[in-house]
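Labels below follow one simple rule: chain letters A, B, ... track the order of the sequence lines, proteins then strands, and each chain is numbered from 1.
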2 protein chains.
Amino acid sequence: MESSEDRLRQITSRLRENNHKLTPQRLAIARVIAESRDHPDIETIYNRIKPGFPRISLATVYRNVMVVKSLGEAMEIGIPGSGVRYEGNRLDPHPHAVCERCKKIVDLEPESMTGFLESVQQATGFKIMTHRVDFFGLCRACRQDDKPS
Amino acid sequence: MESSEDRLRQITSRLRENNHKLTPQRLAIARVIAESRDHPDIETIYNRIKPGFPRISLATVYRNVMVVKSLGEAMEIGIPGSGVRYEGNRLDPHPHAVCERCKKIVDLEPESMTGFLESVQQATGFKIMTHRVDFFGLCRACRQDDKPS
DNA sequence: ATACCTGCAAAGTATTTGCACGAAA
DNA sequence: TTTCGTGCAAATACTTTGCAGGTAT
(Lines give C-alpha, C1' and ligand atoms only; values in the text may rest on other atoms or scores of the structure.)
Protein backbone atom coordinates (compact mmCIF):
# COMPACT_ATOMS: atom_id res chain seq x y z
CA MET A 1 0.00 0.00 0.00
CA GLU A 2 1.17 3.48 -0.84
CA SER A 3 2.10 5.65 2.12
CA SER A 4 0.22 8.77 3.05
CA GLU A 5 3.38 10.77 2.58
CA ASP A 6 3.73 9.53 -0.96
CA ARG A 7 0.13 10.35 -1.67
CA LEU A 8 0.57 13.83 -0.27
CA ARG A 9 3.64 14.39 -2.38
CA GLN A 10 1.80 13.19 -5.42
CA ILE A 11 -1.09 15.53 -4.77
CA THR A 12 1.13 18.54 -4.12
CA SER A 13 3.19 17.91 -7.26
CA ARG A 14 0.02 17.70 -9.25
CA LEU A 15 -1.14 20.97 -7.75
CA ARG A 16 2.15 22.64 -8.65
CA GLU A 17 2.13 21.19 -12.17
CA ASN A 18 -1.23 22.80 -12.68
CA ASN A 19 -0.20 26.17 -11.29
CA HIS A 20 -2.21 25.96 -8.14
CA LYS A 21 -0.60 27.86 -5.31
CA LEU A 22 0.30 25.89 -2.24
CA THR A 23 -1.38 27.85 0.47
CA PRO A 24 -1.28 26.48 4.00
CA GLN A 25 -5.01 25.82 3.90
CA ARG A 26 -4.78 23.97 0.61
CA LEU A 27 -1.88 21.95 1.90
CA ALA A 28 -3.78 21.01 5.02
CA ILE A 29 -6.76 19.90 2.98
CA ALA A 30 -4.51 17.89 0.68
CA ARG A 31 -2.97 16.25 3.72
CA VAL A 32 -6.32 15.20 5.13
CA ILE A 33 -7.30 13.82 1.74
CA ALA A 34 -4.05 11.92 1.44
CA GLU A 35 -4.12 10.52 4.95
CA SER A 36 -7.74 9.72 5.68
CA ARG A 37 -8.75 6.12 5.36
CA ASP A 38 -12.33 6.58 6.44
CA HIS A 39 -13.82 8.31 3.41
CA PRO A 40 -14.64 11.62 5.09
CA ASP A 41 -17.30 14.05 3.94
CA ILE A 42 -16.67 17.77 3.51
CA GLU A 43 -17.68 18.61 7.05
CA THR A 44 -15.36 15.97 8.47
CA ILE A 45 -12.45 17.28 6.45
CA TYR A 46 -13.32 20.74 7.68
CA ASN A 47 -13.35 19.60 11.29
CA ARG A 48 -9.99 17.88 10.93
CA ILE A 49 -8.44 21.08 9.67
CA LYS A 50 -10.06 23.55 12.02
CA PRO A 51 -7.71 22.94 14.96
CA GLY A 52 -4.78 24.19 12.88
CA PHE A 53 -6.80 26.83 11.03
CA PRO A 54 -9.53 28.12 13.31
CA ARG A 55 -10.67 30.72 10.79
CA ILE A 56 -10.82 28.43 7.78
CA SER A 57 -14.08 28.58 5.90
CA LEU A 58 -16.21 25.71 4.72
CA ALA A 59 -16.16 27.33 1.29
CA THR A 60 -12.40 26.92 1.15
CA VAL A 61 -12.74 23.25 1.91
CA TYR A 62 -15.36 22.82 -0.79
CA ARG A 63 -13.22 24.71 -3.26
CA ASN A 64 -10.05 22.81 -2.58
CA VAL A 65 -11.59 19.38 -2.45
CA MET A 66 -13.04 20.24 -5.82
CA VAL A 67 -9.61 21.24 -7.11
CA VAL A 68 -8.02 18.03 -5.91
CA LYS A 69 -10.86 16.01 -7.29
CA SER A 70 -10.70 17.74 -10.67
CA LEU A 71 -7.01 16.88 -10.86
CA GLY A 72 -8.02 13.27 -10.45
CA GLU A 73 -6.37 12.98 -7.06
CA ALA A 74 -9.51 12.21 -5.07
CA MET A 75 -12.64 10.23 -5.75
CA GLU A 76 -16.16 11.10 -4.83
CA ILE A 77 -18.20 8.35 -3.23
CA GLY A 78 -21.92 8.97 -3.14
CA ILE A 79 -23.74 6.93 -0.56
CA PRO A 80 -27.53 6.94 -0.94
CA GLY A 81 -29.04 8.28 2.23
CA SER A 82 -25.68 9.38 3.50
CA GLY A 83 -23.99 12.32 1.84
CA VAL A 84 -21.10 12.80 -0.54
CA ARG A 85 -17.81 11.48 0.75
CA TYR A 86 -14.26 11.53 -0.55
CA GLU A 87 -11.41 9.10 -0.86
CA GLY A 88 -7.92 10.25 -1.67
CA ASN A 89 -5.58 7.80 -0.01
CA ARG A 90 -5.77 5.55 -3.06
CA LEU A 91 -6.91 6.10 -6.60
CA ASP A 92 -7.61 2.69 -8.07
CA PRO A 93 -11.28 1.86 -8.45
CA HIS A 94 -12.21 -0.73 -5.91
CA PRO A 95 -15.30 -2.07 -4.15
CA HIS A 96 -16.54 -0.70 -0.87
CA ALA A 97 -18.61 -2.31 1.81
CA VAL A 98 -20.94 0.26 3.32
CA CYS A 99 -22.67 -0.25 6.64
CA GLU A 100 -26.24 0.88 6.25
CA ARG A 101 -26.48 1.72 9.89
CA CYS A 102 -23.23 3.36 11.00
CA LYS A 103 -22.18 4.42 7.51
CA LYS A 104 -18.75 2.95 7.94
CA ILE A 105 -17.06 2.29 4.62
CA VAL A 106 -14.59 -0.54 4.29
CA ASP A 107 -12.29 -0.83 1.29
CA LEU A 108 -12.08 -4.07 -0.62
CA GLU A 109 -9.57 -5.25 -3.13
CA PRO A 110 -10.61 -5.28 -6.77
CA GLU A 111 -9.83 -8.99 -6.99
CA SER A 112 -12.72 -9.70 -4.69
CA MET A 113 -15.01 -9.08 -7.62
CA THR A 114 -14.25 -12.60 -8.70
CA GLY A 115 -15.53 -14.57 -5.77
CA PHE A 116 -17.99 -11.76 -5.26
CA LEU A 117 -20.67 -11.63 -2.63
CA GLU A 118 -19.59 -14.65 -0.68
CA SER A 119 -16.05 -13.49 -0.32
CA VAL A 120 -17.12 -9.95 0.44
CA GLN A 121 -19.10 -11.16 3.40
CA GLN A 122 -16.18 -13.27 4.56
CA ALA A 123 -13.68 -10.46 4.18
CA THR A 124 -15.67 -7.77 5.94
CA GLY A 125 -17.86 -9.56 8.41
CA PHE A 126 -20.68 -7.55 6.89
CA LYS A 127 -24.03 -9.09 6.19
CA ILE A 128 -24.40 -7.80 2.66
CA MET A 129 -27.96 -6.91 1.79
CA THR A 130 -27.44 -5.33 -1.56
CA HIS A 131 -24.73 -3.88 -3.69
CA ARG A 132 -24.19 -1.26 -6.30
CA VAL A 133 -21.93 -1.55 -9.27
CA ASP A 134 -21.50 1.39 -11.59
CA PHE A 135 -19.21 1.82 -14.53
CA PHE A 136 -18.39 5.30 -15.73
CA GLY A 137 -17.25 6.24 -19.16
CA LEU A 138 -18.45 7.60 -22.45
CA CYS A 139 -21.17 6.01 -24.50
CA ARG A 140 -20.59 5.51 -28.16
CA ALA A 141 -22.59 8.57 -29.19
CA CYS A 142 -20.74 10.89 -26.82
CA ARG A 143 -17.40 9.51 -27.85
CA GLN A 144 -18.11 10.34 -31.47
CA ASP A 145 -19.27 13.85 -30.63
CA ASP A 146 -15.86 14.30 -29.10
CA LYS A 147 -13.96 13.95 -32.35
CA PRO A 148 -15.64 16.40 -34.70
CA SER A 149 -12.21 17.31 -36.14
CA MET B 1 -38.22 -9.37 -17.89
CA GLU B 2 -41.11 -8.41 -15.64
CA SER B 3 -43.76 -6.25 -17.25
CA SER B 4 -44.45 -2.72 -16.14
CA GLU B 5 -48.00 -3.73 -15.31
CA ASP B 6 -46.76 -6.43 -12.98
CA ARG B 7 -44.40 -4.00 -11.33
CA LEU B 8 -47.18 -1.48 -10.87
CA ARG B 9 -49.44 -4.12 -9.34
CA GLN B 10 -46.67 -5.15 -7.02
CA ILE B 11 -46.08 -1.60 -5.90
CA THR B 12 -49.75 -0.85 -5.35
CA SER B 13 -50.27 -4.04 -3.35
CA ARG B 14 -47.34 -3.14 -1.20
CA LEU B 15 -48.81 0.30 -0.65
CA ARG B 16 -52.15 -1.19 0.36
CA GLU B 17 -50.52 -3.74 2.64
CA ASN B 18 -48.89 -0.90 4.48
CA ASN B 19 -52.05 1.16 4.77
CA HIS B 20 -51.05 3.84 2.35
CA LYS B 21 -54.01 5.35 0.58
CA LEU B 22 -54.11 5.05 -3.16
CA THR B 23 -54.59 8.62 -4.24
CA PRO B 24 -54.53 9.44 -7.94
CA GLN B 25 -51.25 11.32 -7.52
CA ARG B 26 -49.63 8.48 -5.67
CA LEU B 27 -50.81 6.04 -8.27
CA ALA B 28 -49.43 8.19 -11.06
CA ILE B 29 -46.06 8.39 -9.33
CA ALA B 30 -46.05 4.65 -8.77
CA ARG B 31 -46.81 4.16 -12.44
CA VAL B 32 -43.91 6.30 -13.56
CA ILE B 33 -41.62 4.44 -11.20
CA ALA B 34 -42.84 1.09 -12.47
CA GLU B 35 -42.63 2.00 -16.12
CA SER B 36 -39.54 4.14 -16.50
CA ARG B 37 -36.48 2.44 -17.82
CA ASP B 38 -34.28 5.49 -17.87
CA HIS B 39 -33.59 6.01 -14.16
CA PRO B 40 -35.38 9.35 -13.82
CA ASP B 41 -34.65 11.93 -11.16
CA ILE B 42 -37.36 13.58 -9.07
CA GLU B 43 -37.84 16.45 -11.46
CA THR B 44 -38.23 14.10 -14.41
CA ILE B 45 -40.84 12.07 -12.57
CA TYR B 46 -42.59 15.32 -11.74
CA ASN B 47 -42.58 16.39 -15.37
CA ARG B 48 -43.98 13.08 -16.50
CA ILE B 49 -46.89 13.42 -14.14
CA LYS B 50 -47.68 17.08 -14.62
CA PRO B 51 -49.67 16.67 -17.84
CA GLY B 52 -52.23 14.57 -15.99
CA PHE B 53 -51.99 16.55 -12.75
CA PRO B 54 -51.20 20.14 -13.57
CA ARG B 55 -51.43 21.23 -9.94
CA ILE B 56 -49.27 18.47 -8.48
CA SER B 57 -46.51 19.69 -6.22
CA LEU B 58 -42.89 18.71 -6.25
CA ALA B 59 -43.22 17.99 -2.54
CA THR B 60 -45.79 15.33 -3.30
CA VAL B 61 -43.41 13.67 -5.70
CA TYR B 62 -40.60 13.73 -3.14
CA ARG B 63 -42.90 12.34 -0.48
CA ASN B 64 -44.26 9.52 -2.59
CA VAL B 65 -40.99 8.47 -4.11
CA MET B 66 -39.73 8.26 -0.55
CA VAL B 67 -42.70 6.09 0.43
CA VAL B 68 -42.16 3.72 -2.47
CA LYS B 69 -38.45 3.59 -1.79
CA SER B 70 -38.96 2.92 1.90
CA LEU B 71 -41.19 0.00 0.99
CA GLY B 72 -38.27 -1.39 -0.97
CA GLU B 73 -40.01 -0.95 -4.29
CA ALA B 74 -37.57 1.52 -5.80
CA MET B 75 -33.85 1.95 -5.65
CA GLU B 76 -31.91 5.15 -5.37
CA ILE B 77 -28.99 5.55 -7.72
CA GLY B 78 -26.57 8.31 -6.79
CA ILE B 79 -24.41 9.48 -9.63
CA PRO B 80 -21.48 11.67 -8.58
CA GLY B 81 -21.82 15.00 -10.29
CA SER B 82 -25.28 14.15 -11.50
CA GLY B 83 -28.09 14.06 -9.00
CA VAL B 84 -30.09 11.38 -7.26
CA ARG B 85 -32.01 9.14 -9.61
CA TYR B 86 -34.47 6.32 -9.14
CA GLU B 87 -35.05 2.91 -10.60
CA GLY B 88 -38.23 1.01 -9.97
CA ASN B 89 -38.83 -1.16 -13.00
CA ARG B 90 -36.67 -3.89 -11.53
CA LEU B 91 -35.45 -4.58 -8.04
CA ASP B 92 -32.51 -6.91 -8.38
CA PRO B 93 -29.13 -5.30 -7.81
CA HIS B 94 -27.29 -5.02 -11.09
CA PRO B 95 -24.50 -3.02 -12.65
CA HIS B 96 -25.06 0.21 -14.51
CA ALA B 97 -23.00 1.85 -17.19
CA VAL B 98 -23.15 5.61 -16.77
CA CYS B 99 -22.15 8.00 -19.50
CA GLU B 100 -20.09 10.74 -17.94
CA ARG B 101 -21.16 13.19 -20.56
CA CYS B 102 -24.85 12.68 -21.34
CA LYS B 103 -25.64 10.95 -18.04
CA LYS B 104 -27.38 8.12 -19.78
CA ILE B 105 -27.60 5.04 -17.59
CA VAL B 106 -27.66 1.62 -19.18
CA ASP B 107 -28.61 -1.47 -17.21
CA LEU B 108 -26.37 -4.51 -17.23
CA GLU B 109 -27.05 -8.04 -16.19
CA PRO B 110 -25.51 -9.19 -12.93
CA GLU B 111 -23.74 -12.01 -14.70
CA SER B 112 -21.58 -9.51 -16.48
CA MET B 113 -19.64 -9.14 -13.26
CA THR B 114 -17.80 -12.28 -14.23
CA GLY B 115 -16.15 -11.20 -17.43
CA PHE B 116 -16.11 -7.72 -16.00
CA LEU B 117 -14.70 -4.65 -17.69
CA GLU B 118 -14.03 -6.17 -21.05
CA SER B 119 -17.50 -7.53 -21.44
CA VAL B 120 -19.04 -4.34 -20.11
CA GLN B 121 -17.39 -2.36 -22.85
CA GLN B 122 -18.51 -4.88 -25.44
CA ALA B 123 -22.07 -4.95 -24.20
CA THR B 124 -22.59 -1.21 -23.97
CA GLY B 125 -20.29 0.30 -26.53
CA PHE B 126 -19.12 2.54 -23.71
CA LYS B 127 -15.50 3.36 -23.25
CA ILE B 128 -15.32 2.62 -19.56
CA MET B 129 -13.01 4.96 -17.69
CA THR B 130 -13.72 3.93 -14.16
CA HIS B 131 -16.27 2.04 -12.15
CA ARG B 132 -17.79 2.00 -8.74
CA VAL B 133 -18.75 -1.05 -6.81
CA ASP B 134 -20.48 -0.71 -3.47
CA PHE B 135 -21.93 -3.33 -1.21
CA PHE B 136 -24.50 -2.37 1.36
CA GLY B 137 -25.30 -4.23 4.48
CA LEU B 138 -24.62 -4.30 8.19
CA CYS B 139 -21.16 -4.54 9.67
CA ARG B 140 -20.57 -7.04 12.42
CA ALA B 141 -20.81 -4.45 15.19
CA CYS B 142 -24.11 -3.05 13.97
CA ARG B 143 -25.57 -6.48 13.51
CA GLN B 144 -24.87 -7.34 17.11
CA ASP B 145 -26.37 -4.10 18.36
CA ASP B 146 -29.51 -5.22 16.61
CA LYS B 147 -30.09 -8.24 18.77
CA PRO B 148 -30.00 -6.99 22.36
CA SER B 149 -32.60 -9.67 23.11
C1' DA C 1 4.02 42.99 -8.99
C1' DT C 2 0.73 39.81 -10.32
C1' DA C 3 -2.34 36.35 -10.21
C1' DC C 4 -4.38 33.48 -7.37
C1' DC C 5 -6.68 32.43 -2.61
C1' DT C 6 -9.18 33.10 1.44
C1' DG C 7 -12.99 34.32 4.58
C1' DC C 8 -17.32 36.11 4.84
C1' DA C 9 -21.81 36.72 3.46
C1' DA C 10 -25.18 36.18 0.11
C1' DA C 11 -27.17 33.38 -3.38
C1' DG C 12 -28.33 29.07 -5.36
C1' DT C 13 -30.08 24.21 -5.38
C1' DA C 14 -32.18 20.36 -3.54
C1' DT C 15 -35.09 18.50 -0.25
C1' DT C 16 -38.10 18.62 3.83
C1' DT C 17 -41.71 20.33 6.78
C1' DG C 18 -45.97 22.90 8.88
C1' DC C 19 -50.40 23.80 7.97
C1' DA C 20 -55.22 24.13 6.39
C1' DC C 21 -58.07 21.94 3.26
C1' DG C 22 -59.59 17.87 0.69
C1' DA C 23 -60.09 13.05 -0.32
C1' DA C 24 -59.68 7.81 0.49
C1' DA C 25 -61.20 4.17 3.30
C1' DT D 1 -66.17 10.01 10.17
C1' DT D 2 -61.53 9.48 10.64
C1' DT D 3 -57.15 9.34 9.04
C1' DC D 4 -54.10 10.25 5.77
C1' DG D 5 -52.53 12.98 1.62
C1' DT D 6 -52.07 17.17 -1.05
C1' DG D 7 -50.69 21.85 -2.44
C1' DC D 8 -48.56 25.79 -1.03
C1' DA D 9 -45.18 28.32 1.20
C1' DA D 10 -41.68 28.52 4.42
C1' DA D 11 -37.79 26.26 6.36
C1' DT D 12 -33.49 23.38 6.04
C1' DA D 13 -29.43 21.61 4.34
C1' DC D 14 -25.92 21.57 1.22
C1' DT D 15 -23.00 23.76 -2.06
C1' DT D 16 -21.54 27.62 -4.93
C1' DT D 17 -20.40 32.41 -5.88
C1' DG D 18 -19.18 37.66 -5.54
C1' DC D 19 -16.28 40.46 -3.42
C1' DA D 20 -12.57 42.90 -0.82
C1' DG D 21 -8.45 42.12 1.21
C1' DG D 22 -4.34 38.99 1.72
C1' DT D 23 -0.64 35.81 0.14
C1' DA D 24 2.24 32.58 -2.79
C1' DT D 25 5.27 32.90 -6.46
Specify whether A/His131 and B/Phe135 have parallel, tilted or perpendicular ring planes, treating 30° as the upper limit for parallel and 60° as the lower limit for perpendicular.
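A/His131 vs B/Phe135 ring planes: tilted.
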Nearest-0.5 Å distance that lies between atom [atom1] in [X] and atom [atom2] in [Y]:
X	Y	atom1	atom2	result
A/Ile42	A/Asn47	CD1	CG	11.5 Å
A/Leu27	A/Phe53	CG	CZ	7.5 Å
B/Glu76	B/Met66	CD	CE	10.0 Å

Gap between atoms [atom1] and [atom2], on [X] and [N] respectively (whole Å):
X	N	atom1	atom2	result
A/Ile49	C/dG7	CD1	C1'	14 Å
B/Leu27	C/dA25	CG	P	10 Å
A/Ile29	C/dC5	CD1	P	12 Å
A/Ile56	C/dC5	CD1	P	14 Å
A/Leu15	C/dC4	CG	P	15 Å
B/Glu76	C/dA14	CD	P	15 Å
A/Phe53	C/dT6	CZ	P	10 Å
A/Arg26	D/dA24	CZ	P	12 Å

Is A/Arg7 salt-bridged to A/Glu73, cutoff N-O under 4.0 Å?
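A salt bridge links A/Arg7 with A/Glu73.
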Hydrophobic cluster membership, B/Ile56 vs B/Val65, 4.5 Å side-chain cutoff:
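They do share one cluster, since a chain of ILVMFWY contacts under 4.5 Å joins B/Ile56 to B/Val65.
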What string of B, S and - do you get for nucleotides 15-22 of chain C 5' to 3' if you count protein non-hydrogen atoms under 4.0 Å?
BBBB----
Is the shortest side-chain N/O distance from [X] to OP1 or OP2 of [N] below 4.0 Å?
X	N	value
B/Gln25	D/dG7	yes
A/His20	C/dC5	yes
A/Thr23	C/dC5	no

Would you mind classifying the nucleic acid contact of B/Asn64 as base, sugar-phosphate or nothing, using non-hydrogen atoms under 4.0 angstrom?
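Sugar-phosphate contact only.
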Does the side chain of B/Thr44 pick up a donor-acceptor pair with the side chain of B/Asp41 at under 3.5 Å?
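Present: a donor and an acceptor within the cut-off.
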Quick check on DNA chain D: between B/Arg55 and B/Asn19, whose nearest nucleotide comes earlier from the 5' end?
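Result: B/Asn19.
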